[in-house]
There are 2 protein chains.
Amino acid sequence: MTGQVRTVDGRVAGRRGQATRQKLLDCLSEMLSSSPYRDVKVIDVARKAGTSPATFYQYFPDVEGAVLEIAEQMAAEGASLTELLEGRSWAGKAGWQTAQELVDGFLEFWRKNDAILRVVDLGAAEGDKRFYKLRMKILNSVNNSLADSVAELQAKGRVDKDVNPAAVAGSLVAMLAAVASHQKGFSSWGVKQAELKPNLALLVHLGVTGRKPTR
Amino acid sequence: MTGQVRTVDGRVAGRRGQATRQKLLDCLSEMLSSSPYRDVKVIDVARKAGTSPATFYQYFPDVEGAVLEIAEQMAAEGASLTELLEGRSWAGKAGWQTAQELVDGFLEFWRKNDAILRVVDLGAAEGDKRFYKLRMKILNSVNNSLADSVAELQAKGRVDKDVNPAAVAGSLVAMLAAVASHQKGFSSWGVKQAELKPNLALLVHLGVTGRKPTR
DNA sequence: CGGTAAGCTGACGTCATGACAGGACAAGTG
DNA sequence: CACTTGTCCTGTCATGACGTCAGCTTACCG
């Protein structure tokens, strides 16, 4: 499944090589959280990893390539976001619970990976297909589950016919992602995180079911 | 109001100078729509404007500085977004109309300025105060109006007490912005723009009033 | 111990950056 | 018309990052 790790010039990476490679990824990841993406230089990453720029280019074609690698690793973890929705109910008190847990889990995931997610978001917005697909991969699990929930409620006649489940789900997920990446913005705008969450959950619940939650 | 335009070394720019300056801004703006932010180089902008890099540095400290300038111009135009909400009603059919027009106007504005808004978003997400403030400035008009609407309905008892108007408004605006910058994402996901808008309007209406719109 | 492939780096040509000094040019003055 | 003044632009340069290559070192294996 996971094809052998290879250097740019085609050699197979051994134990030591993989270690250096991983160290470079870790350092890049760290740099991304502490300085603007635009200012991240190969030479700094290499220095931080205690190696030389040439070594970096042995494992990655460029900074973007390495970022994609990190993002790919993260996307794998992101699949676990599905659990936030699998088999959950949207009826009554359980529905409110579901909405809250979704918001909680989502914000937490985003907070933990914010640096790399920012870059993925930018790449996707700029139209880069690779980043765009990656973003889909990360969001798809949540997105699909949400859309399914809406479609299901719709089939039961509890949601209007003219609602497009995919559009609603996509919009809600986009909202969660956007709020997550601008969390600091909210807090210095006078809205505390603790206040933010229930209001987000409310919006999610409203969007999915069309009704206010019963708490 | 608009203090005199000055060069980096403090001289006042005359007619000709302002023209070159503007030309540089226009070219930068154009480059931002056609290539990734990370790859925009001063030398390319200068070449495109038919001048030299040295000239660029006479008017702007760096690329970021020029971007801020463009964004500032755009923020001024963005103030007109307030009109989308000023004096509008959220009751009955008029409410549905209001929601639709808000979504329409917002998406249009974002589409028209997407390149520069992407960069502002990234800068804000990375924690740069200048970009962060700018983003606020652009969104504040809509944000405040929305929050006011919610607060008003809340005072009338038509919205639950435990709703935080600022949090809801902020989340809805964030949603609109996020969906706008990933419009292409939706379309290639199987959701057409025409379908997207009414669903967004529905979510906005639900969020503000807590009820489904009457159409 | 010798061979082979992996792993790393010094050194190099290329190019963007950012600063400066000085040339070009328009406008006003005697 | 020559001269001055202040704006505007560019040639040039030192610095430093980029990305490549040849070649050195290290590890593994028979």
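As the structure is a prediction and not an experimental result, all values here were calculated from the model. Lettering follows sequence order; numbering is per chain, from 1.
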Review item, side-chain donor-acceptor pairs of residues 196-205 of chain A, under 3.5 Å, at least two apart:
unit_1: A:Lys197; atom_1: NZ; unit_2: A:Asp104; atom_2: OD1; d: 3.2
unit_1: A:Asn199; atom_1: OD1; unit_2: B:Asn164; atom_2: N; d: 2.9
unit_1: A:Asn199; atom_1: ND2; unit_2: A:Glu195; atom_2: O; d: 2.6
unit_1: A:His205; atom_1: ND1; unit_2: A:Thr209; atom_2: OG1; d: 3.3
unit_1: A:His205; atom_1: ND1; unit_2: A:Arg211; atom_2: O; d: 2.9

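Panel note: side chain B:Ser35, backbone B:Met31; a donor-acceptor pair is recorded below 3.5 Å. Side-chain atoms of A:Asn113 never come within 3.5 Å of backbone atoms of A:Ile116 as a donor-acceptor pair (strictly under, hydrogens ignored). At least one donor-acceptor pair closer than 3.5 Å links the side chain of A:Ser33 to the backbone N or O of A:Ser29. When atom types are taken as modelled, the side chain of A:Tyr132 and the backbone of A:Ala125 share no donor-acceptor pair closer than 3.5 angstrom.
Interface limits on DNA chain C: the 5'-most and 3'-most nucleotides within less than 4.0 Å of chain B heavy atoms are C:dA16 to C:dA27.
Scanning for side chain to side chain contact (heavy atoms under 4.5 Å, CB included) contacts around A:Glu30 gives A:Lys48, with sequence neighbours left out. Checked against ring pair (Phe, Tyr, Trp, His ring centres under 6.0 Å), B:Phe106 has the following partners two or more places apart in sequence or in another chain: B:Trp110. For B:Phe60, the ring pair (Phe, Tyr, Trp, His ring centres under 6.0 Å) test picks out B:Phe56, with sequence neighbours left out. Residues that satisfy the side chain to side chain contact (heavy atoms under 4.5 Å, CB included) test with B:Ser145, not counting sequence neighbours, are B:Thr82, B:Leu85. Take B:Glu72 and apply the salt bridge (Lys or Arg N to Asp or Glu O under 4.0 Å) test, not counting sequence neighbours, and it matches B:Lys137.
Across all non-hydrogen atoms, the minimal contact from A:Ile138 to A:Met74 is CD1-CE, 3.3 Å.
Defined by atom type and a distance below 3.5 Å, a donor-acceptor pair is present between the side-chain atoms of B:Gln97 and B:Glu101. Looking at B:Gln18 and B:Gln22, their side chains never bring a donor and an acceptor atom within 3.5 Å of each other.
Among the heavy atoms of the strands, none lies under 4.0 Å from B:Phe60. Counting non-hydrogen atoms under 4.0 angstrom, A:Thr7 reaches nothing in the nucleic acid.
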With 3.5 Å as the limit, what N/O pairs link the protein to nucleotides 10-13 of chain D?
unit_1: D:dT10; atom_1: OP2; unit_2: B:Thr51; atom_2: OG1; d: 2.6
unit_1: D:dT10; atom_1: OP2; unit_2: B:Ser52; atom_2: N; d: 3.4
unit_1: D:dT10; atom_1: OP2; unit_2: B:Thr55; atom_2: OG1; d: 3.3

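Near DNA chain D, meaning a heavy atom under 4.0 Å away, there are no residues from residues 21-34 of chain B. Only at 4.0 angstrom or more do the heavy atoms of residues 38-49 of chain B sit from any atom of DNA chain D, so none qualifies.
The side chain to side chain donor-acceptor pair (under 3.5 Å) analysis of residues 5-14 of chain A, with sequence neighbours excluded, yields the pairs A:Thr7-A:Asp9.
Between A:Asp9 atom CG and D:dA22 atom P the separation is 12 Å, expressed in whole Å.
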Using a 4.0 Å heavy-atom cut-off to protein, can you give one letter per nucleotide of nucleotides 24-30 of chain D, 5' to 3': B if the base is in contact, S if only the sugar-phosphate is, - if neither?
----S--
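With a 6.0 Å cutoff to the six-membered ring centre and a 45° limit on the axis angle, A:Arg118 does not count as a cation-pi contact of A:Tyr37.
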